[in-house]
Structures are given as C-alpha cells and as structure tokens.
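These notes concern the structure reproduced below.
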Amino acid sequence: MTTTRFALRTMRPRDPAQPHRASSPLEAFFDLVFVVAVSLASGQLHHHETSGDLLGGVIAYLMVFFAIWWAWMNFTWFATSFDVDDWLYRLMTIVQMGGALVMAAGAPAAMNEGDFRLLVVGYLIMRLALVPQWLRAAAQSADYRRTALSYAVGIVVVQALWVAWLWLPGELRPWVFLPLVVLELLVPVVAERRQRRTPWHPEHIAERSGLFTLIVLGESVLASTNAVVDAVDHVEHLGTLVGIAACGLVLAAWLQATLPTAAVLMVAVVVTLEISRRSDRAVEG
C-alpha cells in the first residue's frame, strides 16, 4: 500500500478474498463504545416496561436502536472495503466514536421525553464523519469513484432530512420516521446498484455482525446477573430467578450460534425484559 503526503496511505480497495481477515483492534474498540449506547437504550426500555408503557417503550426503543445499528453498520461497511488504518482514518473513526457517545447520552431523553435532539446530533456526527472517508475513497480509488460519491451525496441529503425531522410536531415524527428509515436504507442500494460495487469481505462482515450481536446479547447476560444480585436479599425467589437466568443464558448462546442476527437481536430484547420483570417482582414481593 503506497504512502502519500503527510504520512497518509493511498486509500485503495481492500481485497475481498483476503484470507483470515479479522476485526482490527480499532474496530473492537469502536464496538465497546456501542456497548454503552445499547445498554442505555435497553435500560430505558425496561423502565417503560415496568411502568406499564411497553408499547410506547418498544416504539421508542426501535427508533433509537435503528440509529445505533445503522450508524454502526455504515462504519463497518466502509471499513470492510477501504480500511487503510492510517492516522487520518483513525482520527475520523474516533470522531464517529464520539458521535456514538453523544447518541448514548441522548437515548434516555429520546425514549422518556420524546426529545431526540441530542440523539440526532450524535447520529449526524457519526454519519457525516463518513462523508470525508467516502470522498477520500473517491479521490484515490478511480474504479470506485462514482460509487463512493453516491454514498457521500446520499448521506448528506438524508442527514439534512433528519435535521428537518426535528422541527416536526411530536405526533408526526413517528409517521415520518419510517420514510426516512427507508431513505437511509436506499442509499447503499442506489450507490451499489448501477455502479461498481464496493469490495466487501464476506467473512469480515459476518464476523463484525456476530460481534454486534454479542453486544446485544450482553444485555441479556447483564439482566441475568442483575436479577440474581437483586434476589440475594429475597431468598425465597432466588431459586426461581437463578433458573430463569440460566435458561436465558443458554437460550442466548444457542440463538447466537443458530439464528440470523436480526432474530437474535429481537429475542435478546424479549429475554432481557422477562428477566428484568421477574427480578422486579421478586424485589417487590
């Protein structure tokens, strides 16, 4: 890989057939930031469930979780194709990590008060930080120039729509949210469809998706642990909760090994809620 001015590497496409490609330490560090975001969102979902507003909590959770997942997925998709691991690439990745932390900080207000401002700011930081990356790929990888430019333009356009979404009345936001989600999902479809497709690495993408699944399943493990800890002071419920927690862990491990990622994510949420609900009942009883 050649080096350009300022000790930067030329952003050439990665080899999609590279053997034994695994997640880099930078990607693993990136994932740790998302543990915080997923944890805060899951905690707020549990708060809604215990207060009797499960439907509202699920809707708010899905809105927040989409922002978390899609921002993570877009970083992963770019990294699998154009990760050059030089100082500028790392700097832009750190900026995206900062955006993830802002999203995490905004999750409670978004889910409890319907105030999505901070969440959207974090999302914009993460998404717009990818634009210079795609422009750099367009400038230095001639074969993928049109594809990279399509990504950059699509990201900017949709992020402008998210800013406009904040100004809508609260009752209209859920209805406009879905079309905006569709537009987000269409950006890669349009960018890849009629132009040269990005050289994504199948094994790398599979590993990265598996790691994100583990992040979500970790919330089930945390809920299992908290249930047992809370039940220590209520010995009469300890046996039941230990059994529930153990079953939850076995179920999570089995699902992680056998089911598609999307199904695992949804079941993990259900397991987390059920364990938390039983824990609350034990404490109250």
Side-chain angles (χ1 to χ4, degrees), residues 34 37-38 40-49 51-78 96 99-100 102-131 134 150-194 209 212-213 215-216 219 259-270 272-273:
F34 278 81
V38 173
L40 286 175
S42 300
Q44 299 308 312
L45 176 60
H46 170 55
H47 173 74
H48 278 271
E49 191 268 342
S51 64
D53 184 24
L54 180 58
L55 179 60
V58 169
I59 293 174
Y61 178 82
L62 290 176
M63 295 172 72
V64 171
F65 187 80
F66 171 79
I68 296 171
W69 167 75
W70 190 239
W72 179 92
M73 189 66 230
N74 275 265
F75 164 80
T76 300
W77 187 256
F78 182 86
Q96 293 178 74
V102 174
M103 279 201 304
M111 295 187 65
N112 294 330
E113 305 167 17
D115 184 357
F116 284 85
R117 288 176 296 179
L118 190 57
L119 183 78
V120 170
V121 168
Y123 184 74
L124 292 176
I125 293 172
M126 283 213 64
R127 300 292 282 123
L128 293 177
L130 265 182
V131 173
W134 282 113
S150 296
Y151 270 104
V153 172
I155 291 172
V156 171
V157 170
V158 178
Q159 302 326 296
L161 294 177
W162 282 117
V163 174
W165 179 78
L166 287 175
W167 295 91
L168 293 176
E171 61 273 12
L172 292 181
R173 286 182 182 175
W175 301 103
V176 181
F177 179 83
L178 291 177
L180 288 178
V181 167
V182 172
L183 289 177
E184 283 279 17
L185 298 175
L186 283 176
V187 170
V189 173
V190 173
E192 305 270 352
R193 186 173 182 179
R194 295 185 178 180
S209 298
F212 188 80
T213 303
I215 290 174
V216 180
E219 290 305 307
L259 293 182
T261 299
V264 171
L265 298 180
M266 295 307 298
V267 174
V269 170
V270 174
T272 301
L273 283 175

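What you are looking at is a predicted structure, and each value in this text was computed from that prediction instead of being measured.
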Please report, to 0.1 Å, the donor-acceptor pairs under 3.5 Å made by any side chain of residues 169-183, with sequence neighbours excluded.
unit_1, atom_1, unit_2, atom_2, d
Arg173, NE, Leu168, O, 3.3
Arg173, NH1, Gly114, O, 3.3
Arg173, NH2, Leu166, O, 2.5

## Note on the structure
Nearest heavy-atom approach of Ala41 to Ile68 is CB-CD1, 4.4 Å
### Task
Grab the two heavy atoms, one from Leu40 and one from Ala105, that are nearest each other, plus how far apart they are.
CD1-N, 4.4 Å
## Note on the structure
On a heavy-atom basis, the closest approach of Met111 and Gly57 is CE-O, 3.8 Å
### Task
Quick one: closest heavy-atom pair of Met126 and Ala100, and the distance?
CG-N, 3.6 Å
### Task
With sequence neighbours excluded, tell me which residues meet side-chain hydrogen bond (donor to acceptor under 3.5 Å, both in side chains) with Gln159.
Glu184
### Message
Suppose we screen for side-chain contact (heavy atoms from CB on, under 4.5 Å). Which residues come up paired with Val131, at least two apart in sequence or across chains?
### Response
Leu128, Leu135, Ala152, Ile155, Val156
### Task
Could you tell me which residues satisfy side-chain hydrogen bond (donor to acceptor under 3.5 Å, both in side chains) with Trp134, sequence neighbours excluded, listed by chain and number?
none
### Query
Is there any side-chain hydrogen bond (donor to acceptor under 3.5 Å, both in side chains) pair reaching into residues 102-112, and which pairs are they, with sequence neighbours excluded?
Gln44-Asn112, His48-Asn112
### Task
To the nearest 0.5 Å, tell me how far Trp77 CH2 sits from Tyr151 OH.
6.0 Å
### Message
Please tell me whether Trp165 and Trp162 form a close aromatic pair, meaning their ring centres lie under 6.0 Å apart.
### Response
yes
### Query
Which heavy atom of Met103 sits nearest a heavy atom of Ala71, and at what distance?
CE-CB, 4.2 Å
### Summary
Minimal heavy-atom distance between Ala110 and Leu119, with the atoms involved, is CB-CD2, 4.2 Å
### Query
To the nearest 0.5 Å, how far apart are CZ in Phe34 and CZ in Phe212?
7.0 Å
### Message
According to side-chain hydrogen bond (donor to acceptor under 3.5 Å, both in side chains), who are the partners of Asp115, at least two apart in sequence or on a separate chain?
### Response
Arg117
